[in-house]
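Structure first, commentary second.
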2 protein chains.
Amino acid sequence: MAGASIKEVARHAGVSLGTVSNVLNRPDMVSPGTRQRVLDAIAELGYVRNDSARQLRAGQSRTIAIVVLDVTNPFFTDMVRGAERVVEATGAMLIVCNSGEDGARERRHLELLEEQRVRGVLITPVGDGPQPHLEKLIDRGIPVVLVDRGTGRASRCSVAVDDVLGGRLAMDHLLDQGHRRIAYVGGPLSIAQVAERHAGAAAALEDRGADAELRVAATTSLTVAAGRRAAEDLLALPARQRPTALFCANDLLALGVLQELTARGLRVPADIAIVGYDDIEFAAAAAVPLSSVRQPREQLGRTAAELLLEEAEHGEAHQHRHVVFQPELVVRRSSDQPRRARR
Amino acid sequence: MAGASIKEVARHAGVSLGTVSNVLNRPDMVSPGTRQRVLDAIAELGYVRNDSARQLRAGQSRTIAIVVLDVTNPFFTDMVRGAERVVEATGAMLIVCNSGEDGARERRHLELLEEQRVRGVLITPVGDGPQPHLEKLIDRGIPVVLVDRGTGRASRCSVAVDDVLGGRLAMDHLLDQGHRRIAYVGGPLSIAQVAERHAGAAAALEDRGADAELRVAATTSLTVAAGRRAAEDLLALPARQRPTALFCANDLLALGVLQELTARGLRVPADIAIVGYDDIEFAAAAAVPLSSVRQPREQLGRTAAELLLEEAEHGEAHQHRHVVFQPELVVRRSSDQPRRARR
DNA sequence: GCAACTGGATGAAACGTTTTAGCCGCTATA
DNA sequence: TATAGCGGCTAAAACGTTTCATCCAGTTGC
């Protein structure tokens, strides 16, 4: 009962092993009579196909992996949900791996996925340097789609949101509201998104030629806890240097900042305005509803999965594509209070 | 380059195929000289072990799966993080599957996992009825650990939090605050947790013999959107029948309820108090910081993974265990305002 | 009545590992 | 000097599929 093989099913049904395989894979190539006999045997023995053997023979698995930076960040889980639908519609299986923004774990995961000969990998890689492990996958012929990484390499598809534009939107809005001392809360800058959102903000400032300053309040990660620590640091500044507005690299940071600021008695947005990034579902439900730069989270995952499937199917003929979505600023109370321009 | 096998490595290094395998699996059984030659060949050919073949031979894979009800719910992703650590420490791989509270998807996932001969499954099953697919896994000898499902079956380990107690804690608190018209927001009741939290609340009411009522505001799922809809329904009630306090089956519901109530101009907790469940990180950062019944989320995952690994290792000798954690009420502003008892 | 097809089945090869039995040359033991 | 033991290696079997070349018994076409 525990582990019947196709061979035992064949014996049980009084047919050859190849016939059982045919029943499983091309049922109409076998006569109704024998087919039924085989199906009965399968049911009786509780036979379950052994995927390892099948894969070994096929040379390839039917799973697709998505490697995310932080499985507890709703931005990524929404993305996963988008990808999930597309992948499951094809009968394949999507497995989720969490790198936790740790390069070593990412590498380990990719090694295991390569050993498993997955059919493809969706990944938001840690850091932004050269990615030898990804190249290795690609060399082996495993399609890789970069998610939420703009820089379009020629060797792979990518799906991204224009982070520079997102940074601009946030910064323009804060400048419009009259803020002149603004801080960008985020880090490490080695994360491409973090750097690009900052670049966008800096560019907006530059373009306006406004007499304003944009400082960076560096964090070591993009979590609620890191946000709280960043807020503490900012509060340690002398009042006159303290920024009047914060642009946070993602919503988790923004929520952490918001929590700490209000805990310390500051009012948002009266004392300090906040704009986040991602527009996760919890942003709108925050203590002070959070302004945020919205990304099409599910669509990101969906599109990435579609590109991957297309590449997996068409192989050589496939043309790599780079899809870039536009972010959109959603203004809520956390930044919705104009202030007299001043320094 | 694309797909070198162990055989080619062997030829390249001028040794037999078995020796290469030994280098990979018991390096000290082979002399330093040959070992180095083999390692060089491996590097040169870019050889990567084929896991399918390895598994086929071993009869078992090195992956462990966790099947969650809702991958976008922070409660589950925190659990995943807990399990992840334990699993990865053993060199195995944790893959995350999302059933999305859909029985058919759950079944499909379990079928695929069974075909893959995973080493074990951590699962929070959809619904509470008999679970033939789980039984099937167990029959096949694949260890299954139930997560967050109290009812200790003899055939498997389980890890849970006492949901009845959690319901009691919430209800006692609301009664202490003087509430007499209380609604339980949650559903469907076919989900065990939903039912048990309600049972706890009802039991608390019973025990006190208080002249109070507990109605059920049924929802179709445990999401923020469902919470908003539930709030709409409650607001449609005539004012005198409207509950003065809500106990929500989880924090997502509570956040949705909170959002909708405040959008409609009601004050929380002055007009309506709210208590949630899970104490996810976002509860504390909500518009009105949310009282919630805290569950040890990461520990739940950690312990479940430990039980699973133990079972996978000891096989027959393994004794199934049922670990139950105690929840804890965290009172925040959303329910922190006593009211004169009245009807 | 014979050759040519055809639908339905069979048997064997192949996928890439791990493992086990066995071989070879050497050293230690009696 | 024979024997046992040992380190280092090889050869072959086995895991459970899928696929491909064959085969067989009918049926069709001439």
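In what follows, chains are A, B, ... by sequence order, proteins preceding strands, each numbered from 1.
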Are more than 12 heavy atoms, taken from residues, nucleotides or ligands other than Arg321(A), located less than 6.0 Å from that residue's CZ atom? no
Residue pair Arg105(B) / Glu84(A), side-chain heavy-atom distance below 4.5 Å: yes
Roughly how many Å is it from [atom1] in [X] to [atom2] in [N], rounded to a whole number?
X: Arg57(A); N: dA14(C); atom1: CZ; atom2: P; value: 10 Å
X: Asn25(A); N: dG8(C); atom1: CG; atom2: C1'; value: 17 Å
X: Arg54(A); N: dT17(C); atom1: CZ; atom2: C1'; value: 20 Å
X: Met29(A); N: dC20(D); atom1: CE; atom2: P; value: 11 Å
X: Asp28(A); N: dA9(C); atom1: CG; atom2: P; value: 12 Å
X: Arg117(B); N: dT17(C); atom1: CZ; atom2: C1'; value: 17 Å
X: Lys7(A); N: dT18(D); atom1: NZ; atom2: C1'; value: 15 Å
X: Arg35(A); N: dG8(C); atom1: CZ; atom2: P; value: 9 Å

If you look at every strand shown and take non-hydrogen atoms under 4.0 Å, does [X] touch a base, only sugar-phosphate, or nothing?
X: Thr34(A); result: sugar-phosphate
X: Ser21(A); result: base
X: Asp51(A); result: nothing
X: Thr19(B); result: base

I want to confirm an ordering. Mapping Leu17(B) and Val20(A) to their closest nucleotides on DNA chain D, which one lands closer to the 5' end? Leu17(B)
Mind listing the closest non-hydrogen atom pair of Phe75(B) and Leu300(B) along with its distance? CZ-CD2, 3.8 Å
At under 4.0 Å, does any side-chain N or O of Arg26(A) touch on OP1 or OP2 of dT18(D)?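 It does not, given that no N or O in the side chain of Arg26(A) lies less than 4.0 Å from OP1 or OP2 of dT18(D).
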Can you tell me if the side-chain N/O atoms of Ser5(A) get under 4.0 Å from OP1 or OP2 in dC15(D)?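 Ser5(A) to dC15(D) OP1/OP2: no side-chain N or O under 4.0 Å.
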Please check if the distance between the ring centroids of His322(A) and His320(A) is under 6.0 Å.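 No, the ring centres sit 6.0 Å or more apart.
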Salt bridge (charged side-chain N to carboxylate O under 4.0 Å, His left out) between Arg62(A) and Asp51(A), worked out: CA-CA 9 Å; Arg62(A) 278 153 44 254; Asp51(A) 204 46; 3.0 Å; yes
